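Since the structure is predicted, the reported quantities are computational estimates derived from the model, not experimental observations.
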Amino acid sequence: MTPRTGKNTGAAALASLAALLADGTRAACLLALLDGRAWTAGELARHAGVAASTVSEHLGKLVAGGLLAEERQGRHRYVRLADAGIAQLVEDLAAHALPGAPVQPRTLRESGAGSAMARGRTCYDHLAGRLGITITGAMTSRGLLRQDTGFALTDQGVAWFGELGIDLAHGGRRPLARACLDWTERRPHLAGVAGAALCAHALAAGWCARIGSQRAVRVTPAGARALAAHLGIDDL
């Protein structure tokens, strides 16, 4: 009997990917890198609470497995998520891995950080948390975004981005708009080219500011005014 090489190859590839993800240190690194920035091995080691030599070994496996991309500047080694598809995979898995009540924080610092992340954060290169969900809902209710037949910007939505001076030009296979399941809110927020462009604009225009060195963001007073004016949001 001829072996089913294609199926066997696919199964082996899936098993290999699962093995890469099945480690707490590697998972912590991948979640940290969802902020869309490049991190050094030392920064990730401190974040994961392990030795630098330990995290370097794990990062080597993630780079070899295609989940991370490596960049070197002088003697410094930086890693980042390989692409938006990997970010989507990590975020989706995180959403499905925590189907019940959120894990209770062990310390006051963890509680504060967790609350900030739930209020607003970046998910790779787009906005997530209550902030992302609220913006997505406002865009939908104002006819800028459709969710009834999958996520899609309407003509009015494309024009809205243009009015704000946000460039939606893109190449490659990344969709203009995509639903990303929010792991704290359990609802989809806007991702894809439009989500990334809106997030970049919010940070560049000072609508949002990062909190600390991780993914949490807060809406600034200028951002609150802009979101109220452009999307009718007044309850952030």
Side-chain angles (χ1 to χ4, degrees), residues 9-48 50 54-73 76-99 117 120-129 132-133 136 150-151 168 170-200 203 210 213-217:
T9 301
L14 180 58
S16 178
L17 174 61
L20 277 176
L21 297 170
D23 178 89
T25 298
R26 291 197 288 271
C29 292
L30 290 169
L31 288 171
L33 290 165
L34 277 175
D35 68 357
R37 295 178 286 183
W39 290 48
T40 66
E43 290 168 336
L44 287 170
R46 289 189 291 274
H47 175 79
V50 298
T54 299
V55 86
S56 291
E57 180 181 350
H58 287 300
L59 294 179
K61 292 179 179 179
L62 291 171
V63 170
L67 298 183
L68 298 184
E70 183 180 33
E71 300 174 0
R72 291 188 180 273
Q73 291 187 5
H76 295 291
R77 174 197 189 196
Y78 294 88
V79 293
R80 56 178 173 77
L81 295 178
D83 54 41
I86 299 301
Q88 178 184 346
L89 172 66
V90 174
E91 184 77 4
D92 287 349
L93 286 173
H96 288 291
L98 301 170
M117 289 276 282
R121 64 183 182 277
T122 55
C123 170
Y124 189 56
D125 60 1
H126 55 271
L127 295 170
I133 291 295
T136 299
F151 263 50
L168 292 179
H170 68 289
R173 295 178 297 175
R174 193 177 190 188
L176 182 60
R178 178 182 66 80
C180 181
L181 180 62
D182 197 289
W183 63 267
T184 53
E185 295 294 313
R186 308 297 177 207
R187 288 180 288 167
H189 56 245
L190 176 64
V193 172
L198 182 58
C199 178
L203 291 169
R210 293 189 183 276
S213 61
Q214 296 190 37
R215 292 196 285 147
V217 297

Any chance you could lay out the side-chain contact (heavy atoms from CB on, under 4.5 Å) test for Leu21 and Leu67, step after step, and finish with the verdict?
CA-CA 10 Å; Leu21 297 170; Leu67 298 183; 4.1 Å; yes
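- For the residue pair Asp182 and Arg121, the shortest heavy atom distance occurs at OD1-NH2, 3.1 Å.
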Criterion side-chain contact (heavy atoms from CB on, under 4.5 Å) on Leu68 and Leu81, from CA distance to verdict:
CA-CA 5 Å; Leu68 298 184; Leu81 295 178; 3.7 Å; yes
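- Listed by first and then second residue, the side-chain hydrogen bond (donor to acceptor under 3.5 Å, both in side chains) pairs involving residues 14-30 are Arg26-His58 (not counting sequence neighbours).
- Applying the side-chain contact (heavy atoms from CB on, under 4.5 Å) rule to Ala28 yields the partners Ala48; only residues at least two apart in sequence or on another chain are considered.
- Contacts of Arg80 classified as side-chain contact (heavy atoms from CB on, under 4.5 Å), with partners at least two apart in sequence or in another chain: Ala38, Ala69, Glu71.
- Not counting sequence neighbours, the partners of Pro175 by the side-chain contact (heavy atoms from CB on, under 4.5 Å) test are Arg178.
- In terms of the side-chain contact (heavy atoms from CB on, under 4.5 Å) criterion, residue partners of Cys199 (sequence neighbours excluded) are, by chain and number, Thr122, Leu127, Leu203.
- Annotation for Arg215 and Cys123: closest pair NH1-CA, 3.8 Å, computed over non-hydrogen atoms.
- A tilted orientation is assigned to the rings of His189 and His126, their planes being inclined by 30° to 60°.
- Taking each heavy atom of Cys29 and Val55 in turn, the nearest pair found is SG-CG2, 3.6 Å.
- By the side-chain hydrogen bond (donor to acceptor under 3.5 Å, both in side chains) test, Glu70 is found to be paired with Arg72, Arg77, residues two or more places apart in sequence or in another chain being considered.
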